[in-house]
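For reference, the structure is listed below as structure tokens.
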Protein chains: 2
Amino acid sequence: MVRQPSVAAQNRPPLTRERIIEAALRIVDGQGLGRLTMRRLGDALEVEAMAIYHHLPRGKEELLDGLVAHVAVHPAQIGRTGRAADWRAALRGWAGDYRARLLEHAGVLPLVVTRRNPAALASTTASLREILRLAGLPERAAADGAHALLGYVIGHAALEVRGEAAGEEAVDWQARFTAGLELVLTGLAAQNPR
Amino acid sequence: MVRQPSVAAQNRPPLTRERIIEAALRIVDGQGLGRLTMRRLGDALEVEAMAIYHHLPRGKEELLDGLVAHVAVHPAQIGRTGRAADWRAALRGWAGDYRARLLEHAGVLPLVVTRRNPAALASTTASLREILRLAGLPERAAADGAHALLGYVIGHAALEVRGEAAGEEAVDWQARFTAGLELVLTGLAAQNPR
DNA sequence: ACCTGAACACCGTTCAAGT
DNA sequence: ACCTGAACACCGTTCAAGT
């Protein structure tokens, strides 16, 4: 497959950090994380692999960090209703969206779980904590609860992707996810003084 | 570093599947998953990398499956007390052990989350379901609850490894883990007819 | 500034060969 | 049966060179 460098270079959009990360996500979603290589990514962008390093100086590490940020940064909408009393509805909405996002990009789940990109989940966690605080939970309980929620959603998504069902027949994962979420919400409500 | 093949071959223990996986786990725990290569693993076992394939015909895939099984297979002790009423204590004990195991071998967490080795978590999930069933929960609630527990523990362990704390000062992860677990247990108790 | 081409030090895996 | 050595088709990344 031969490309004419000078001519083709005019016809394609300029290489940007964003275009690179989107193309990488497309490869991961379609072929799996194991097939994401700098050379293949270059092919997808109609560019030599080495051109990528000009936009992501830290190379593949920075690329993977970008994928995690693109998928895992998704704060809960605090003021969607404006009423703190709707905290359960807000959390249900966020959890459903977050789960869908993780399942849609299941290939990056192992990266979300790894140490990379420590700041990626921070904004999400902070938004959950704030919702619980506004709902009336003490500071400490709100912080603990935010992690319980995020941990549950990520962990359950991981089990879903694996199709881990311990010899059960057909499993309604959506219903199972919701049932587990309600367990956590029930526990949180029991801590709520209001 | 030169070895005398015939002599050294006599002095070292025979290569077995188990010895290979234990050596691999040592590398992952000490240096990280990224540094686990067949060649380095061979070095650690004082053997050429290619010798490993004789014991693990599916190669590195089989090696990683073995690591997951070694870490993630840890069923809850159902009959530790013999009394179903102690279901909460049994689950607390299991969760604490499982968390410790995952944190001890944090390098394999991304593998646990990946699709590999679908049977690895089955026995663990089944034991949790059985405890909840014996505690008096309906079949469906027991199955959902087992996944909620496993999902929470795995997800929270992943957050702990990342040290994900959204700009908080010092975090007592052990206490936070326990607090989140109690949320789930409270939710489960609310479903219990007894 | 942005991209290329060649090169380097690694990978996992095969395969024929040794004992 | 168990292990080795050489070889193959890949990797990520560097670096000097082009435009």
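Throughout, protein chains are lettered first and strands after them, A, B, ... in sequence-line order, and every chain is numbered starting at 1.
- For the salt bridge (charged side-chain N to carboxylate O under 4.0 Å, His left out) test with A/Arg176, the passing option among A/Glu182, A/Glu168, A/Glu160 is A/Glu168; the others fail.
- Rounded to whole angstrom, the span from the CG atom of A/Leu56 across to the C1' atom of C/dC2 amounts to 14 Å.
- The distance from atom CG of B/Asp43 to atom C1' of D/dT4 is 14 Å, rounded to the nearest whole Å.
- Where A/His54 and B/Met38 each meet DNA chain C at their nearest nucleotide, the meeting point lying more 5' is that of A/His54.
- For A/Glu48, the side-chain atoms get nearest to C/dT4 when compared with the rest of C/dT4, C/dC11, D/dC11.
- The NZ-C1' distance, from A/Lys60 to C/dC10, rounds to 14 Å in whole Å.
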- Reading nucleotides 14-19 of chain D from the 5' end, what letters show protein touch, with B for base, S for backbone sugar-phosphate only, - for no heavy atom under 4.0 Å? B-----
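- Atoms CD1 (B/Ile20) and C1' (D/dC2) sit 11 Å apart, rounded to a whole Å.
- Within the 4.0 angstrom heavy-atom criterion, no nucleotide atom of any strand lies near B/Arg35.
- Between B/Ile27 and B/Leu36 the shortest heavy-atom distance is CG2-CA, 4.0 Å.
- The interatomic distance linking A/Glu61 (CD) with D/dC11 (P) rounds to 18 Å, in whole Å.
- Atoms NE2 (B/His55) and C1' (D/dA1) sit 9 Å apart, rounded to a whole Å.
- In this structure, C/dC10 forms no base pair with any nucleotide, since neither Watson-Crick nor G-U wobble geometry is met with both distances under 3.5 Å.
- An OP1 or OP2 oxygen of C/dC11 is reached within less than 4.0 angstrom by a side-chain nitrogen or oxygen of B/Arg40.
- The shortest non-hydrogen separation linking A/Ala146 to A/Leu132 is N-CD1, 3.6 Å.
- Side-chain contact check for A/Gln174 and A/Arg99: at least one donor-acceptor pair (N or O, by modelled atom type) lies under 3.5 Å.
- Which of D/dT13, D/dG5, D/dC3 sits closest to the side chain of A/Arg39 comes down to D/dT13.
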- Message: Run B/Arg39 and B/Glu48 through side chain to side chain contact (heavy atoms under 4.5 Å, CB included) and show every step you take.
- Response: CA-CA 7 Å; B/Arg39 285 169 164 93; B/Glu48 294 300 315; over 6 Å; no
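- Rounded to whole Å, atom P of D/dT13 lies 9 Å from atom CG of A/Leu64.
- Residue A/Leu45 contributes atom CG, which lies 15 Å from atom C1' of C/dT4 at whole-angstrom precision.
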- Message: Applying side chain to side chain contact (heavy atoms under 4.5 Å, CB included) to B/Tyr152 and B/Leu181, what does each step give before you reach the verdict?
- Response: CA-CA 8 Å; B/Tyr152 167 72; B/Leu181 179 63; 4.0 Å; yes
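- B/Leu36 comes within 4.0 angstrom of sugar-phosphate atoms only, judged by non-hydrogen atoms across all strands, and of no base.
- Tested against A/Arg17, the residues A/His55, A/Glu62, A/Glu22 include a single side chain to side chain donor-acceptor pair (under 3.5 Å) partner, A/Glu62.
- Within the 4.0 angstrom heavy-atom criterion, no nucleotide atom of any strand lies near A/Leu63.
- A 3.5 Å limit on both hydrogen-bonding distances identifies no Watson-Crick or G-U partner for D/dC3.
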